[in-house]
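Following: one structure in structure tokens, then a few remarks.
Just so it is clear, the model here is predicted, and its values are computed rather than measured. Every number for a ligand or one of its atoms is a count from 1 in the order of the listing.
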Amino acid sequence: MKVKKETLFPKTKIQWLWENMKGRRVLYVIGMLGTVVYNILQLTVPYYSGRIVDLFLSGADAWKNMRTNSGLFYHLLILMIVFTVLRGVIVYGDCMIYEHVSQTVLYRVRNFLYDKIQRQDMTFYSTYRTGDLMTRVTGDLDAVRHMVAWVIRMVIESFSLFGVVAIYFFYMNWKMALSLLIISPFVFFIIYLFKNKVAPMHAKLREKLAQMNTYAQENISGNRVVKAFAREAYEIEKFDRANKDYAETNKETSMVWLKFFPYVESIANLMPVVMLAVGGVFLIRGELTMGDYVAFSGLIWAIANPMRQMGNIMNEFQRFSAASKKVMEIYYSEPQIKDALDAAAHPNRFDGKIEFREVSFQYEDGDLPVLHDISFTVKPGETIAIMGETGCGKTSLINLIPRFYEPTKGEVRIDDIPVQNFRLSDLRKQIGLATQDVLLYSDTIEGNIAYGDSSIDLEEVEKFAKYSAASDFISKMPEGYDTVVGERGAGLSGGQKQRISLARALAVRPSILILDDTTSAVDMETEKQIQEALRHLDFSCTKVIIAQRISTTMMADKILVMQHGRITEMGNHEELMAKKGYYYELVQLQTGEDLV
Ligand code: GTP
Ligand code: MG
């Protein structure tokens with residue numbers, strides 16, 4: 001597995017978030033302003049309570065005011081109620097806005113990521129594990145949503161509340177305000193220390209989660225192997241360890257805050273004490289009215305709470321930071337294999353000429369080249385068979401035709417045009433491929449066969465199933481073509497799956513058909529039927545067939561024999577037999593075996 005380098009993104013995380021709010025930015029700004037307004041309105045209750053106390057309860061003229069100016073009393077009371085209701089309305093609207101925008105961002109980025117992942121090349125898929133990718137589009141993305149829905153809101157709420165109240169405090173009594181606020185910088189310093197400690201924890205936490213998800217995904221999808229080797233207990237233990245590891249890291253992360261929490265909490269708790277002590281002195285000295293004292297003490301929480309909240313916010317911010325990095329890695333990833341800028345459209349069928357010119361190839365994560373100087377030509381409509389022992393490079397070779405990988409040297413051409421000059425969709429649409437490991441979708445058999453071209457009708461599906469000698473067993477199934485096959489084709493035999501995969505490759509009426517060991521699991525008789533059918537397709541098609549059986553390769557126009565990534569023999573059956581090389585020996589071996 002290749003280790004990914006630290007990626008540099010073209011945008012900062014916040015810029016990236018902003019970009020993905022497109023179309024909802026105004027709404028989001030309204031939401032943020034709403035948060036500020038809401039917090040300003042928090043002042044109204046203590047303000048009016050202060051006024052009521054001064055005018056009607058504790059002031060010198062309190063008794064007189066109550067009797068002669070009760071209208072003002074009710075006026076202040078009604079204003080207090082109106083602002084409280086207004087606050088409720090704003091906070092409701094605000095919640096809706098944050099939720100709406102965050103869901104929009106989530107939806108948009110998730111679709112974008114899925115699109116990105118779909119368009120990636122093979123190298124990407126061998127670099128990232130499925131469980132890790134799943135974590136990115138679920139858990140990581142949810143941390144991004146949480147940032148929009150909650151963290152940013154809390155930041156604004158805390159700072160605006162703190163700011164507004166601080167200003168109001170100074171407006172009321174600057175000495176009192178100063179003595180209360182002088183301790184707040186310590187909180188910022190503590191939070192800064194906390195951030196440095198907690199940031200790596202979130203990165204670690206996220207890795208553990210991905211690890212756990214990867215185990216789960218691999219074991220669930222590979223459960224047949226687990227069962228075959230009776231390794232359930234081992235797998236359960238392995239998962240248990242990963243789960244424990246994740247839980248421990250989670251605990252450790254929470255513990256980090258617990259180390260800093262007492263300091264922040266002490267400072268926050270100090271506020272009411274300062275209020276009582278300093279406020280008391282000021283009251284005695286007459287520098288503070290009773291009403292102001294009530295307003296101060298009614299708002300002291302608005303200074304203390306943001307301080308307490310700060311740790312929480314920083315924690316969530318770091319979670320977002322770790323998660324968004326993972327999301328952005330996919331967001332900004334570009335497949336190495338993509339359409340050339342000047343790729344012209346080739347919507348028509350290929351004639352089907354395939355040419356390899358001195359092609360060498362090495363996997364990016366491999367140590368040695370797996371193909372060396374491969375040169376051959378297949379004329380339109382011809383059949384070429386590729387043989388060779390396991391691991392000699394057959395699959396690697398055919399993967400270069402649809403440009404799943406790029407040769408490290410040399411060129412692959414179709415109809416005398418380098419494959420890089422086609423648009424990927426034009427190229428791949430013309431190629432029917434039945435891969436070595438058959439992958440069927442959990443869909444009906446009809447749906448699976450018509451996967452590459454959903455416009456074809458049942459009659460045609462049946463025809464392609466006949467070509468691939470699959471119609472007999474399909475029609476024997478109780479629901480025929482409507483039979484739903486399980487995930488990856490569960491419920492079908494290996495040979496049955498191969499034949500459906502062949503029918504799927506044929507159903508796009510490709511001008512180039514590539515079969516990678518597609519008939520290895522079917523019996524000789526059925527294979528003969530398939531070979532016969534392939535010779536009489538009702539459309540022209542060049543066939544590249546990887547096979548081990550002489551009965552398949554014998555009829556080919558050209559046979560390539562490969563060894564260790566090189567072509568060692570090339571010619572038709574008669575030519576290679578005359579050569580008395582590897583092919584000849586293989587024929588001897590196989591026909592000899594057949595006689596036994
Ligand atoms: P069989 O299918 O077993 O008959 O073999 P093959 O002839 O199709 O061999 P293939 O082309 O799959 O592999 C050729 C060589 O490339 C082998 O040594 C593999 O180990 C190696 N190889 C195949 N796929 C990958 C890959 O994704 N990454 C790396 N690094 N090596 C690969
Ligand atoms: Mg292979």
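Counted by atom type alone, Tyr128 and Glu329 present one or more donor-acceptor pairs between their side chains at under 3.5 Å. Side-chain contact annotation: Ser333 with Lys116, donor-acceptor N/O pair under 3.5 Å absent. Neither side chain, Gln498 nor Thr519, offers a donor N or O lying under 3.5 Å from an acceptor on the other. Defined by atom type and a distance below 3.5 Å, a donor-acceptor pair is missing between the side-chain atoms of Ser375 and Glu358.
The backbone and the side chain of Thr395 each have at least one atom closer than 4.0 Å to an atom of ligand 1 (non-hydrogen atoms only).
Counting only heavy atoms of the protein, atom 18 (O) of ligand 1 lies nearest to Gly391 O, 3.9 Å.
Protein heavy atoms all stay at least 4.0 Å away from atom 20 (O) of ligand 1. Counting protein heavy atoms under 4.0 angstrom from atom 26 (C) of ligand 1 gives one or more.
Between Leu397 and ligand 1, not a single N/O pair is under 3.5 Å apart.
At a cut-off of 2.8 Å, Thr395 is counted among the residues with an N, O or S atom near the Mg ion (ligand 2). With a cut-off of 2.8 Å, the Mg ion (ligand 2) has no N, O or S atom of Thr390 in range.
Each of the atoms 30 (N) of ligand 1 lies under 4.0 Å from some heavy atom of Gly366. For ligand 1 and Gln436, the ligand atoms under 4.0 Å from any heavy atom of the residue are 1 (P), 2 (O). Within ligand 1, counting atoms from 1 as listed, the ones closer than 4.0 Å to a heavy atom of Asp365 are 28 (N), 29 (C), 30 (N).
A distance below 6.0 Å separates the ring centres of Phe350 and Phe422. Checked against the 6.0 Å centroid threshold, Tyr331 and Trp16 count as a close aromatic pair.
Among Ser396, Gly565, Gly388, Ser520, the residue whose heavy atom lies nearest to atom 11 (O) of ligand 1 is Ser396.
Residues Lys204 and Lys208 have side chains in contact (heavy-atom distance under 4.5 Å, counting atoms from C-beta outward).
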